[in-house]
Every structure is written in structure tokens, then in C-alpha cells.
Asker: 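Starting off with a structure, shown below.
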Amino acid sequence: MDATQRPFLVPPDFAAYAEKHGLFQLYERIMQELLVTQPDNPLDAMIAILKRPSDDVPKIVIHGPPAAGKRTMCKLASQRLRCVHIVPDELLRDDDSLVAQEAQSQLSGGKQVSDSTWAELIKERVTKSDCLNKGWVLEGFPRTRLQAVALHAVGVLPKHFVLLDVKDDVAVERSIGKKIDTVTGDVYHVTYDMPNNPDILNRLVDGKGERELVKELLEYHRHIDGVLSCYSNIVKTINADQPKTDVFTLVLTFLCTECRSNAPHTPRVILLGPPGSGKDTQAALLASKYNIVNVSCSLLIRQAVADGSKMGEPVKPYLERKMMIPDGLVLNIVKARLGQLDCATRGWVLHGFPKTPSQAEQLVQAGYEPNRVFFLDVSVDTVMERLTLRRSDPVTGEMYHLQHKPPRHTYVAQRLQIHPQDTEQAVRGSLQHFETNAEDLYEFFTLSQHLNADQDIHTVFELIESMLVNPIPKKLPPRVV
């Protein structure tokens with residue numbers, strides 16, 4: 001088949017459907033569990049996995065040295081994300097659990113709880129209905145690399161690992177004034193955080209002594225590198241030597257990031273912004289680095305008219321009379337390009353369309369739903385400076401800017417011309433048209449991301465790149481009032 005004469009159009013629904021419903025992640029989850037559990041009847045096990053609630057729940061480990069604030073961060077995270085807070089030592093007191101009874105017998109016999117028993121105890125807790133439905137945050141565990149390996153072996157795999165980092169002298173200073181509520185287990189400090197309730201004050205007891213703390217610090221430093229080696233892809237180290245609210249803000253920001261997936265990702269990017277925001281430039285940079293197709297709506301229209309194609313003929317009268325082209329004609333041209341094989345396999349970055357919520361809705365209904373939408377925000381003054389000072393040389397075709405790239409010779413400066421679209425009146429008209437639809441476009445693309453485009457070209461590109469390669473952050477559940 002000659003693709004230049006009769007381009008092969010790929011239905012857009014395939015990749016979008018698989019991405020929307022997380023089919024690759026579902027397959028990965030099933031294979032992962034089958035390999036870990038190795039059931040006798042894999043088919044029945046797969047059916048059971050598919051009947052379970054969604055796996056899109058928090059699975060978090062918050063770790064750190066003694067007095068780093070693990071209990072506080074775990075409580076805050078469990079409240080904000082509405083998940084279950086798991087304290088390993090409290091699981092030992094579950095008299096209904098056969099695994100807990102086994103652990104208690106090991107302790108009563110003068111032994112430590114074995115790594116495999118700890119792993120089974122944690123697995124038993126995270127597979128209960130509340131953890132399956134709401135997720136969990138595990139406090140200060142695993143403590144050794146062998147415990148981490150044991151958790152992997154039974155299929156307890158967190159999605160986020162937070163390491164709260166404080167210096168040893170800070171940990172010792174915190175521990176000296178530490179007070180513990182004997183009823184709730186909440187941690188307070190005589191200097192930084194004391195309760196106002198007199199009932200709580202009466203039942204507070206001192207925390208661990210300095211000698212015991214130093215012993216735990218030595219144990220922590222002996223094992224933490226081995227633990228981190230098991231979670232290197234999901235770990236985030238956060239400086240915990242700052243106010244509690246600042247630490248939790250950093251923790252919550254990390255917990256809202258989606259885990260990187262191994263699923264094949266075909267970029268479908270839309271760049272939106274006022275004229276002069278740099279959409280053409282950023283699209284060219286993205287296309288160059290990631291080998292995706294640069295789809296300029298205005299260029300497509302001009303090419304269709306110049307080629308005399310069936311789609312270009314109806315558009316020609318509107319261009320000649322400088323009239324607004326109907327949405328349906330523009331959409332047909334854009335669909336024809338996005339449906340070609342290179343766009344379907346390599347991905348695309350579209351700019352210059354859509355300009356209105358109606359166009360955006362028609363594009364999505366046609367099956368071309370973007371997986372990234374970036375709004376390039378610039379001020380009106382910047383737009384006016386960028387566009388109204390642009391000039392072109394009619395002899396060489398060279399583009400100049402009177403402020404940033406002026407011509408070197410006077411005779412060149414004298415023959416420079418301004419494009420009709422770059423006059424102040426035309427630019428203000430384009431700005432007004434964009435601002436009229438900007439808010440509605442933002443509401444339509446609910447997962448769109450804004451960035452400051454009033455910066456150096458490469459700085460803006462780095463921002464877009466970081467948002468493109470990383471998953472879109474999760475939206476937090478509403479606060480419980």
C-alpha cells in the first residue's frame with residue numbers, strides 16, 4: 001500500500017480504551033499475583049482476582065529512625081487518604097489471629113518473631129476487607145532487608161515508600177521530651193506539641209530513654225540501606241527536621257503521585273494557550289526529542305488547500321474571504337491526520353486546535369482524546385511584546401524581533417514588514433477570543449495542567465517534559481467535615 005496516496009487510518013479507540021480502563025495494569029496485576037501465589041488452578045485464581053475491588057487504593061510504607069515522626073505522619077496520611085493505619089506491634093495483640101498466636105508463642109519462648117511470621121501477619125491484615133477497599137499505610141516496617149524480602153514473597157507490595165530523615169542529634173533531642181498517650185498511642189512533645197485536654201495530660205507517660213534510643217538508632221542505621229535497596233523505585237526521602245505541617249505537605253504531595261507504569265505509552269498531547277505563548281516552539285521540541293508527530297492545525301489547513309484535496313476545497317473560500325472556518329471542516333482535516341499510522345503508533349502533539357469547548361467535545365467524541373493537556377500561561381504584556389515586535393524580511397524570509405533579535409544592518413531594518421496578524425489590533429482580538437473560551441476549555445479538560453510559559457524556552461520545555469513523563473497526580477478525596 002502506498003501510504004502517501006492512500007494513508008492507512010487506524011481507529012483511535014484502541015489505545016484510548018486500553019489506557020482509560022487500565023487494561024495493561026490489570027494484566028500486570030493478575031500476572032504478578034499468580035506468580036507470587038502460584039495457585040493450583042490459575043484460571044479460578046484469575047477470576048477471583050477480577051472479582052476483587054479496584055486495586056487503585058493507597059499502599060504506603062512510612063519509615064524512618066526513632067523519633068522521626070512516623071506515627072504522626074501515618075495518622076495524618078490515613079485520615080487524609082481515608083486508609084487504614086497499620087502498626088505492626090499492635091497486630092501481635094490480635095488474639096483471634098492464628099499467626100499472631102504463633103508470634104506470641106515465639107516471644108514467650110524467648111525468641112524474636114521470625115521474618116516469615118511478620119510477613120504472614122502483615123499479609124493477613126492487608127488482605128482484610130477494609131484494607132482491600134480503602135488501602136493501608138504501614139508504620140516503620142520492614143525493619144530489615146530479610147523482612148522486606150519476606151513481604152515481597154507473600155505479595156505485600158507497597159506503591160509508595162516514604163523515608164523520614166532526621167539527624168541523630170535531632171532524634172535524641174526529640175526523644176527527651178517525648179510523651180505517649182497510653183490509651184490512643186498518640187505521640188506528644190513537652191516543647192512542641194502538648195495536648196490541651198487535661199484527661200489526656202493525666203495519662204501521658206515518658207517515651208524511651210536516651211540509652212534505649214541510641215541502641216535503636218544503631219540498629220536502624222545497620223539495616224536501612226538493605227531495606228531501601230528493596231524499594232529503590234518507589235522511595236522518597238523527606239527531611240523531617242521541619243514543622244509538622246511542612247513535612248506532611250511534602251509527604252502528601254509524594255503520595256498523590258501515580259506510580260510509574262510499564263504500560264506502553266503513546267503520547268496524545270494538546271498544547272493550549274494564547275497567541276504568542278510558544279505552542280509552536282514547544283511542539284517542535286517535543287516532536288524532535290520524543291519522535292512524536294507535530295500536528296499544527298493551521299499548517300494542516302494550508303496544506304489541504306494547497307494540495308487541492310477533497311477536504312481542502314470547501315475550506316478555500318473561507319480562507320480567501322478571511323472568514324471563520326466551520327468546526328466540522330476543520331475537524332475533518334485534523335481527524336484525517338491524527339488517524340494516520342504514524343500518529344497512532346508514535347503519538348502526536350496537537351496545537352492550534354481546539355479553540356472552543358465545542359471543538360474539544362467534537363474531537364473527543366471522534367475518539368481522539370488526549371492523555372495530556374498543557375495550558376501555557378503568559379501575561380498580556382508578554383504576548384504583546386512577543387507578537388507586535390515581530391518582523392519579517394520580504395527578501396530573505398528571515399524573521400526578526402525588534403527587541404530580542406534586531407537586524408544588524410540598517411538597510412535590512414528599513415525593508416522589514418509586519419504580518420497583518422501581528423498588528424496590535426489583531427493580537428488583542430486573538431487574545432480576547434482565547435480568553436472568552438479559556439475557562440470553559442479548562443473545565444472540559446479536567447486533567448489539564450497549567451505552567452508558566454513566561455520563561456526561557458528550554459525552562460518551559462523542561463516543565464512540559466516532567467509533566468509528560470510522570471503520571472498525572474491523583475486528586476485527593478474530599479475532606480471529612
Side-chain angles (χ1 to χ4, degrees), residues 15 19 236 253-254 256-261 263-300 334 337-338 342-355 360 363 368-390 392 398-406 421-422 427 430-431 434-435 438 441-442 445-473:
E19 187 174 308
K236 173 73 172 180
T253 300
F254 173 60
C256 288
T257 60
E258 292 277 8
C259 301
R260 288 212 179 181
S261 170
H265 178 66
T266 304
R268 302 187 301 277
V269 183
I270 290 181
L271 299 181
L272 297 173
S277 57
K279 299 185 292 293
D280 291 0
T281 302
Q282 297 304 325
L285 291 172
L286 284 172
S288 174
K289 181 165 184 178
Y290 292 100
N291 194 32
I292 59 180
V293 182
N294 184 357
V295 182
S296 169
C297 181
S298 58
L299 183 59
L300 286 179
V334 173
R337 184 65 188 94
L338 297 183
D342 57 348
C343 285
T345 55
R346 290 160 45 197
W348 45 264
V349 51
L350 173 64
H351 51 106
F353 187 91
K355 294 183 177 180
L363 184 67
Y368 298 99
E369 184 172 2
N371 48 28
R372 292 292 189 279
V373 178
F374 300 118
F375 277 84
L376 308 185
D377 297 330
V378 290
S379 65
V380 174
D381 291 341
T382 300
V383 170
M384 298 302 294
E385 177 190 302
R386 288 181 179 181
L387 298 186
T388 59
L389 298 181
R390 287 197 306 198
S392 62
E398 181 90 21
M399 294 297 298
Y400 293 95
H401 191 279
L402 298 183
Q403 182 172 337
H404 302 298
K405 187 187 173 183
Q421 293 182 352
D422 290 342
V427 172
S430 299
L431 273 171
F434 171 77
E435 291 169 357
L441 280 170
Y442 179 60
F445 292 115
T446 54
L447 296 179
S448 58
Q449 296 168 283
H450 282 256
L451 55 98
N452 177 19
D454 194 2
Q455 307 179 72
D456 176 74
I457 290 173
H458 298 288
T459 302
V460 176
F461 177 68
E462 288 175 1
L463 289 173
I464 295 176
E465 190 176 25
S466 66
M467 296 177 180
L468 179 64
V469 300
N470 291 310
I472 298 175

Asker: Any donor-acceptor pair under 3.5 Å linking the side chain of Ser288 with the backbone of Leu285?
Answerer: no

Asker: Which heavy atom of Phe374 sits nearest a heavy atom of Leu468, and at what distance?
Answerer: CZ-N, 4.1 Å

Asker: Enter the distance from Leu376:CG to Gln449:CD here, rounded to the nearest 0.5 Å.
Answerer: 12.0 Å

Asker: Lys279 side chain to Gly352 main-chain N or O, any donor-acceptor pair under 3.5 Å?
Answerer: no

Asker: Where the side chain of Arg372 meets the backbone of Met467, is there a donor-acceptor pair that is under 3.5 Å apart?
Answerer: yes

Asker: If you look at every heavy atom in Pro354 and Leu441, which pair is closest and at what distance?
Answerer: O-CD1, 4.3 Å

Asker: Would you say CG of Leu299 has more than 12 non-hydrogen atoms from neighbouring residues, nucleotides or ligands within 6.0 angstrom?
Answerer: yes

Asker: If I take atom CZ from residue Arg337 and atom SG from residue Cys343, how far apart are they, to the nearest 0.5 angstrom?
Answerer: 4.0 Å

Asker: For Tyr290, does the OH atom sit with more than 12 other heavy atoms under 6.0 Å from it, leaving out its own atoms?
Answerer: yes

Asker: Report the distance from atom CG of Leu271 to atom NE2 of His351, rounding to the nearest 0.5 Å.
Answerer: 7.0 Å

Asker: For the residue pair Met399 and Lys405, what are the closest heavy atoms and their distance?
Answerer: O-NZ, 3.3 Å

Asker: So how far is it from Ile292 CD1 to Asp342 CG, rounded to the nearest 0.5 Å?
Answerer: 11.5 Å

Asker: Evaluate the criterion side-chain contact (heavy atoms from CB on, under 4.5 Å) for residue pair Lys236 and Thr257; output intermediate values, then yes/no.
Answerer: CA-CA 11 Å; Lys236 173 73 172 180; Thr257 60; over 6 Å; no

Asker: Please report the closest heavy-atom contact between Ser277 and Ala453, naming both atoms and the distance.
Answerer: O-CB, 3.7 Å

Asker: Which atoms form the tightest heavy-atom contact between Ile270 and Pro370, and what is the distance?
Answerer: CD1-CG, 3.7 Å

Asker: Test Phe461 against Leu286 for side-chain contact (heavy atoms from CB on, under 4.5 Å), laying out the working first.
Answerer: CA-CA 8 Å; Phe461 177 68; Leu286 284 172; 3.6 Å; yes

Asker: Ignoring hydrogens and geometry, is there a side-chain-to-backbone donor-acceptor pair from Gln403 to Arg386 under 3.5 Å?
Answerer: no

Asker: Work out which heavy atom in Leu363 is nearest to a heavy atom in Leu338; give both atom names and the distance.
Answerer: CD1-CD1, 4.2 Å

Asker: Rounded to the nearest 0.5 Å, how far apart are CD of Gln455 and OG1 of Thr382?
Answerer: 11.0 Å

Asker: Report yes if some heavy atom in the side chain of Trp348 is under 4.5 Å from a heavy atom in the side chain of Thr266; otherwise report no.
Answerer: no

Asker: Taking C-beta and beyond as the side chain, do Phe445 and Leu272 meet within less than 4.5 Å on heavy atoms?
Answerer: yes

Asker: Could you tell me which residues satisfy side-chain hydrogen bond (donor to acceptor under 3.5 Å, both in side chains) with His458, sequence neighbours excluded, listed by chain and number?
Answerer: none

Asker: Going by the rule side-chain hydrogen bond (donor to acceptor under 3.5 Å, both in side chains), which residues pair with His450 if we only count those two or more places apart in sequence or in a different chain?
Answerer: Asp377

Asker: Arg268 side chain to Glu369 main-chain N or O, any donor-acceptor pair under 3.5 Å?
Answerer: yes

Asker: Going from OG on Ser466 to CG on Leu451, what distance comes out if it is rounded to the nearest 0.5 angstrom?
Answerer: 8.5 Å

